[in-house]
Amino acid sequence: MTAQDSATRPQRIAVAEATTTPGGTAAPHGSRRTGTVLAALGVTAFSLTFPATAWGLEGIGPWSLVTLRGALSALIAGGCLLALRVPVPHRRHWAGLAVVGAGVVVGFPLLTTLALQTSTTAHAAVVVGLLPLTTAVLSALRTGARPSRTFWAAALAGAAAVIAFTVQQSGGALSAADLYLFGALLICAAGYTEGGRLAREMPGWQVIGWGLMLCLPLNLLGAALALQHESFRLTGHSTAGLLYAAIGSQFLGLVVWYRGMAAIGVPKASQLQLAQPLLTLVWSVFLLGEDLPVAAPVTAAAVLVCIAVTQRARG
């Protein structure tokens, strides 16, 4: 019996290890399903970020809003880390955590907030629809993930639908807001890629938690300076916008997002974000009273087909 156990144990281990690759492109079936649900919850949380930011800007200056959002999120994350006595990450993780902090804690919130001063949430959301493809490309370069040709074809088709919608809505001209948004795409994709990689070595909530803590001194200093020069008026909308951006989007949304990416891989999780601009369009209609473009439903249908293909594509 002992000999049989010793002979079968390595085989079982090999089978278990074969379900996961360093690039995060394969996982057990149950884990994939759970990871897809978690990543989808993250996308839903993110889809409300732009409307929440627009609300926040009604009473709070852009630099104040970004730094207060980051500081509040960090205090919540720090409290969780302290209460659960989470040990300080290994030294090899800090470079990756710095990329997470620079990308999703500081860079993306700041650049998109500046863009939303002159851009509608609907337009900004559609431009950021290029984020899934950007993240998939950076993930392939960084982690060695090799999605199939079918995956790339569907991802490019989804990105093309988003680009066509953007051009149609903007009249083909780029604005300063678009430049902010394109910069946000690159830095956020880097943060997602590195965070997804780290989430395979530590819980996802710890990834964003330590990323937030790393940026806390910068956000506290920025808030102290910004509040001296910008307006700060707490109304129902501005308060709700700040709290949601800090808690719902910056912390809870990223917690489930990184955990989902760790389970199904960065490339596949990133493609779920093709639905994010379309969800944001819906929120912008109901929460901000913006007009829903006629082309939105057609784009939504095309993008949903592309998402379905990427999720079923091998690798």
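Values reported hereafter were calculated over all heavy atoms of this structure, with side chains retained and with hydrogens, waters and symmetry mates removed.
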Cluster companions of [X] among Ile, Leu, Val, Met, Phe, Trp, Tyr (side-chain spacing under 4.5 Å):
| X | answer |
| --- | --- |
| Val282 | Phe286 |
| Leu186 | none |
| Leu225 | Leu221 |
| Val66 | Trp63, Leu110, Leu111, Leu114, Tyr180, Ile187 |

Go through the structure and list residues passing side-chain hydrogen bond (donor to acceptor under 3.5 Å, both in side chains) with [X], not counting sequence neighbours.
| X | answer |
| --- | --- |
| Thr135 | none |
| Ser119 | none |
| Gln276 | Gln273 |

Review point. Hey, are the side chains of Phe251 and Val255 touching, using non-hydrogen atoms and a 4.5 Å cut-off?
Key: yes

Review point. Is the shortest heavy-atom distance from the side chain of Val104 to the side chain of Phe108 under 4.5 Å?
Key: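 No. Closest side-chain heavy atoms not under 4.5 Å.
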
To the nearest 0.5 angstrom, please state how far the [atom1] atom of [X] sits from the [atom2] atom of [Y].
| X | Y | atom1 | atom2 | result |
| --- | --- | --- | --- | --- |
| Leu220 | Cys215 | CG | SG | 11.0 Å |
| Ile264 | Leu38 | CD1 | CG | 9.0 Å |
| Ile208 | Leu212 | CD1 | CG | 4.0 Å |
| Thr193 | Leu138 | OG1 | CG | 5.0 Å |
| Leu216 | Trp210 | CG | CH2 | 11.5 Å |
| Leu181 | Leu131 | CG | CG | 11.0 Å |

Point to revise | Pairs where residues 227-252 contributes a residue and the test salt bridge (Lys or Arg N to Asp or Glu O under 4.0 Å) is met, not counting sequence neighbours | key: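 Those involving residues 227-252 do not exist here.
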
**Study point:** All pairs passing salt bridge (Lys or Arg N to Asp or Glu O under 4.0 Å) where residues 92-102 contributes a residue, at least two apart
**Key:** Arg92-Glu201

For residues 68-84, which side-chain donor-acceptor pairs fall under 3.5 Å, sequence neighbours excluded?
residue : atom : partner : partner atom : Å
Arg69   : NE   : Ala245  : O            : 3.4
Arg69   : NE   : Gln250  : OE1          : 2.8
Ser73   : OG   : Arg69   : O            : 2.9
Ser73   : OG   : Ala246  : O            : 2.5

Heavy-atom pair with the smallest gap, counting every atom of [X] and [Y]:
| X | Y | value |
| --- | --- | --- |
| Gly96 | Arg197 | CA-NH2, 4.4 Å |
| Gly35 | Ala263 | CA-CB, 3.6 Å |
| Thr239 | Thr235 | OG1-O, 2.8 Å |
| Leu97 | Pro89 | CD1-CG, 3.8 Å |
| Gly253 | Ala45 | CA-CB, 3.9 Å |

So, the side chain of [X] versus the backbone of [Y]: is there a donor-acceptor pair under 3.5 Å, distance only?
| X | Y | answer |
| --- | --- | --- |
| Thr67 | Ser64 | yes |
| Tyr258 | Pro203 | no |
| Gln228 | Ala224 | yes |

Check the hydrophobic clustering (I, L, V, M, F, W, Y; side-chain heavy atoms under 4.5 Å; chains of links allowed) and say if [X] and [Y] are grouped together.
| X | Y | answer |
| --- | --- | --- |
| Val106 | Leu214 | yes |
| Val207 | Val99 | no |
| Leu254 | Val37 | no |
| Leu198 | Val256 | no |
| Ile247 | Leu242 | yes |

Study note, to complete from the structure: For Tyr192, the ring pair (Phe, Tyr, Trp, His ring centres under 6.0 Å) test, sequence neighbours excluded, returns Trp257

Would you be so kind as to tabulate the donor-acceptor pairs closer than 3.5 Å made by side chains of residues 46-60, with sequence neighbours excluded?
residue : atom : partner : partner atom : Å
Ser47   : OG   : Thr44   : O            : 2.6
Ser47   : OG   : Trp283  : NE1          : 2.8
Thr49   : OG1  : Phe46   : O            : 2.9
Thr49   : OG1  : Ser249  : OG           : 2.6
Thr53   : OG1  : Thr49   : O            : 2.8
Glu58   : OE1  : His237  : ND1          : 3.1
Glu58   : OE2  : His237  : ND1          : 3.4

